[in-house]
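Written below as structure tokens is the structure these notes are about.
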Amino acid sequence: MEQRETFHIDEGLTFATTFYKEYPWQNFEIARPLTGKELKQSTVYNNASFKDLVKDLYKLHIDVRFDDHTNLYFSLLRGFFGAKGTQNFYDLRNDGIYFNIILFLISFILSLYIFYSAGVEIKAIPLLLLTIFASTGSIATTIFIRPYQLQETTTLLLCAILFYFYQKDHLESKNYLIFSFLVFAFSTLLLSGYFSIIFTTILLLLLISLTKNKLFFIYVYIASFIVATAYYAKYFGFLISGRTAEAASTFSSQRIIQNIYDSVAHIPTIFNNAFGWPLAVLLALTISFIIWKKALCEPPNILFIFFSAGVISMGVIIFLAPYKIFRYISPYIVLLFFPLSIYSTQIKKYSTYIVLSCLCIASLMSSFIMHPDVPIQKTNLEAYLQESSNIPIVAYSDSTWKYFTFIPTLPDTAILWFANDLQSLKKHIINYPEATVIIPQGTNILIPENYTIISQFTASYFKIFYIKHH
């Protein structure tokens, strides 16, 4: 955590959403230059006011302003920050990751409960938990300040509650207390992110196929959506979002074959990012063996239901996701390890320890891999802006949100002019003997007379020029 010197652009947008800032939903002021401190205060810093806390929580209840996200993560994160003011990048980084660590610990405890209740050998549980939570994918999910850690935690919460009632043989009973617990667990998961609708639907269908009380689960599911809508007024706004339209387009006759090919082609990379190759291969072989043994001996128990729902959901999500990347399926990765708990209760102890030890070592090895989803070192743009904080910055972008690639780490003393177009950019430049010019890739800089480009480079969405009057 301490090694992180930067944010992914999405993490910067997390704070803008959480603290209900006006940007990037509107353009920055162009009438005057802004300092780095002013810019961060208006985009990613928290205000030290209890009144602002209450106001932000109410606004997040109404609309997070991103139709492809629900509000639960941002509301909880806002409550965690409280009325404490933000002073610098490290306040954001530390508190954001601390919040995710709390969720991580809850996930850990829920997994411990499930494995212990499933009858896993006591000495094998630490190996199993270390295998799951020490992998590079698990670490990346925890230190990446987005809703995916919450989705993992709420997935495990639902599994733990279902497992408890399954063991007590209460899933078939029409009990209002059980109904309430299940509605709470389902609705919390639904509120953690929209991809969870896929998992909960598949899990519901599998549960219905195995129980006699089918209407009970249908009522639970309907009630869960009602509760989710009560907590987030715009819950069904995703139906008209651009992401939903993009996902729907994957079923068009022109795209479906190509999308299937792309999805399959990205699976090795996704699981390498989740585990690293050694753990991915060992886990695949172990699960294949367990499924084969399980098919020969007895009907599947509810842990196999969770596992099956997770695998099917990951396949559907990879197919529908606009980007074929690990983070979208990360909440369900933990479910891939559930068959290991059954393996450890049925196979001789020494075999269990050998298999789990190999998996654990492979997981620990993967933790040294730098995960591509989580940037650690500053980008060349951020490093340049910090080293050149005394040089005025003149910036133009076709989308305000793209500035969040560098805003969270911008020096307080930096001076930055925003422009609406390239012509306005040129007018700002002539006010200074030297300037850093930031423009979108694919556009051409308009250099004023008597100015020379000293150096240039590209970073993320931008081309950056250092120009000087001669």
Ring geometry between Y221 and F225 (parallel below 30°, tilted from 30 to 60°, perpendicular above 60°): perpendicular
Might you point out which heavy atoms bring I202 and S313 nearest each other, and give the distance in Å? CD1-OG, 3.5 Å
Go through it in stages, so that I can follow the logic: the residues are T155 and E152, the test is side-chain hydrogen bond (donor to acceptor under 3.5 Å, both in side chains), and I'd like the CA-CA distance, side-chain angles, deciding distance and then a yes or no. CA-CA 5 Å; T155 298; E152 177 193 272; over 6 Å; no
If you take all heavy atoms of D398 and P440, which pair is closest and at what distance? N-CG, 3.9 Å
For T141 and Q149, which I'm curious about, is there any donor-acceptor pair between the side chains at under 3.5 Å? no
Can we call the ring centroids of H8 and F144 under 6.0 Å apart? yes
Assess the side chains of S107 and T153: does a donor N or O sit below 3.5 Å from an acceptor N or O? yes
Would you please classify the geometry between the F7 ring and the F89 ring as parallel, tilted or perpendicular, with 30° and 60° separating the classes? tilted
Do we see a donor-acceptor contact under 3.5 Å between the side chains of Y466 and Q456? no
Can you see which heavy atom on Y396 is nearest to which on L422, and at what distance? CD2-CD2, 3.8 Å
Would you please test F404 and F15 for ring pair (Phe, Tyr, Trp, His ring centres under 6.0 Å) and show each step? CA-CA 10 Å; F404 282 75; F15 295 113; over 10 Å; no
State whether Y20 and R65 meet the cation-pi test: NZ (Lys) or CZ (Arg) under 6.0 Å from the six-membered ring centroid, and within 45° of the perpendicular axis. yes
Taking every heavy atom of I391 against every heavy atom of E434, the minimum-distance pair comes out as CG1-OE2, 3.9 Å
Hey, would you say the F418 and Y403 ring centroids sit under 6.0 Å apart? yes
Do T400 and N27 pair up side chain to side chain, a donor and an acceptor below 3.5 Å, judged on atom types alone? yes
May I ask you to decide whether K426 forms a salt bridge with E449, counting only side-chain N to carboxylate O separations under 4.0 Å? no
Taking C-beta and beyond as the side chain, do N259 and S263 meet within less than 4.5 Å on heavy atoms? yes
I'd like to know if the side chain of Y45 and the backbone of L92 have a donor-acceptor N/O pair within less than 3.5 Å. no
Is K84 paired with D91 through a side-chain N to carboxylate O contact shorter than 4.0 Å? no
Going by atom types only, do T436 and Y384 share a side-chain donor-acceptor pair under 3.5 Å? yes
Short question: side chain of K234, backbone of N71 - any donor-acceptor pair under 3.5 Å? no
Taking K37 for the side chain and T413 for the main chain, is one N or O donor matched with an acceptor at less than 3.5 Å? no
Looking at D52, N46, T17, T18, which one forms a side chain to side chain donor-acceptor pair (under 3.5 Å) with R78? N46
Determine whether a donor-acceptor pair (N or O, by modelled atom type, separation under 3.5 Å) exists between the side chain of S397 and the backbone of S399. yes
